[in-house]
Amino acid sequence: MTSPRLAVTVNGRPYFLDGVPGEERLLDTLRWRLGLKGTKEGCRTGGCGACTVLVGGASVLSCLTFSHEVDGEEVTTIEAVGADPIGRHVQEAFRSAGALQCGYCTPGFVMALTARLKVDGRAVPVEGLLEGLGENLCRCTGYAAIARAVAEAHRRVNE
């Protein structure tokens, strides 16, 4: 049985993919079919946030999303988030705050924070942004640098 063609735009580029099984997760399509390795596989259960991408501008856990659920949608991964002014501010804030550590969780944090700032960056205080990142885990830091990066990104977006 063949799967219907999947039509998705990823990082501004349209893809038409045949043979994508109905149970294939977006994480696997991005990493293995499209070669976009910036989206990380952490837990595959939605508990760590390392696989966060934007679908239609909203933060989505790609390990819990079937590829066919994004048919016809625009997906943005860490590879292209810097093309967006808010995404660029977030990336620069993570760099300047030294919030990279091993870097495995960083793409998920950057994507989730970018989505939140795009929706209500001026309306939410830094504490609210930090609370909104509660689904993202970092296993090698005490979160102080990440908190500094969130504050810096908030400041940059609201200048």
Starting from [Y], can I reach [X] by hopping between I/L/V/M/F/W/Y residues whose side chains sit under 4.5 Å apart?
X: Met111; Y: Val60; answer: no
X: Val157; Y: Val119; answer: no
X: Leu54; Y: Val90; answer: yes
X: Val8; Y: Trp32; answer: no
X: Tyr104; Y: Ile146; answer: no

Tell me whether Asp120 is salt-bridged to Arg116, with the criterion being a basic N under 4.0 Å from an acidic carboxylate O.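 A salt bridge links Asp120 with Arg116.
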Query raised in the report: Does a salt bridge link Arg156 with Glu92, judged by any charged N lying under 4.0 Å from a carboxylate O?
Result: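 Salt bridge flag = yes for Glu92 with Arg156.
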At what distance, to the nearest 0.5 angstrom, does [atom1] of [X] lie from [atom2] of [Y]?
X: Glu41; Y: Arg25; atom1: CD; atom2: CZ; value: 9.5 Å
X: Leu64; Y: Thr45; atom1: CG; atom2: OG1; value: 7.0 Å
X: Thr39; Y: Asp28; atom1: OG1; atom2: CG; value: 11.0 Å

Given Val53, which of Thr76, Leu30, Leu27 fulfils the side-chain contact (heavy atoms from CB on, under 4.5 Å) condition?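 Single pass found, and it is Leu30.
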Open item on the list: Against Gln91, only a single residue in Ile86, Ile78, Thr114, Leu113 fulfils side-chain contact (heavy atoms from CB on, under 4.5 Å); can you say which?
Closed with: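 Among Ile86, Ile78, Thr114, Leu113, the one meeting side-chain contact (heavy atoms from CB on, under 4.5 Å) with Gln91 is Ile78.
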Closest contact, heavy atoms only, [X] versus [Y]:
X: Ala93; Y: Ala149; value: CB-O, 3.4 Å
X: Ala115; Y: Gly57; value: CB-O, 3.8 Å
X: Thr77; Y: Glu79; value: OG1-OE1, 2.5 Å
X: Thr52; Y: Ser59; value: CG2-OG, 3.2 Å
X: Ala7; Y: Asp71; value: N-OD1, 2.7 Å
X: Cys43; Y: Gly46; value: SG-N, 3.4 Å

So does [Y] get a backbone contact from the side chain of [X], meaning a donor-acceptor N/O pair under 3.5 Å?
X: Arg5; Y: Leu17; answer: no
X: Arg44; Y: Cys63; answer: no
X: His154; Y: Val124; answer: yes

Under the rule for salt bridge (Lys or Arg N to Asp or Glu O under 4.0 Å), what residues qualify as partners of Lys40, not counting sequence neighbours?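 Salt bridge (Lys or Arg N to Asp or Glu O under 4.0 Å) check on Lys40 returns nothing, list empty.
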Could you work out, with salt bridge (Lys or Arg N to Asp or Glu O under 4.0 Å) as the rule, every residue matching Arg33, not counting sequence neighbours?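 With sequence neighbours excluded, Arg33 shows a salt bridge (Lys or Arg N to Asp or Glu O under 4.0 Å) to Glu24, given in chain and number order.
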Identify every side-chain donor-acceptor pair in residues 126-139 under 3.5 Å, counting partners at least two apart or on other chains, and give the distances.
unit_1 : atom_1 : unit_2 : atom_2 : d
Asn136 : ND2    : Gly49  : O      : 3.3
Asn136 : ND2    : Gly108 : O      : 3.2

| query | Can you tell if the side chain of Leu26 reaches within under 4.5 Å of the side chain of Glu69, non-hydrogen atoms only? | reply |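 With C-beta onward as the side chain, the pair stays apart.
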Any non-hydrogen side-chain atom of Asp84 less than 4.5 Å from a side-chain atom of Lys118?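 SC-SC contact between Asp84 and Lys118 confirmed.
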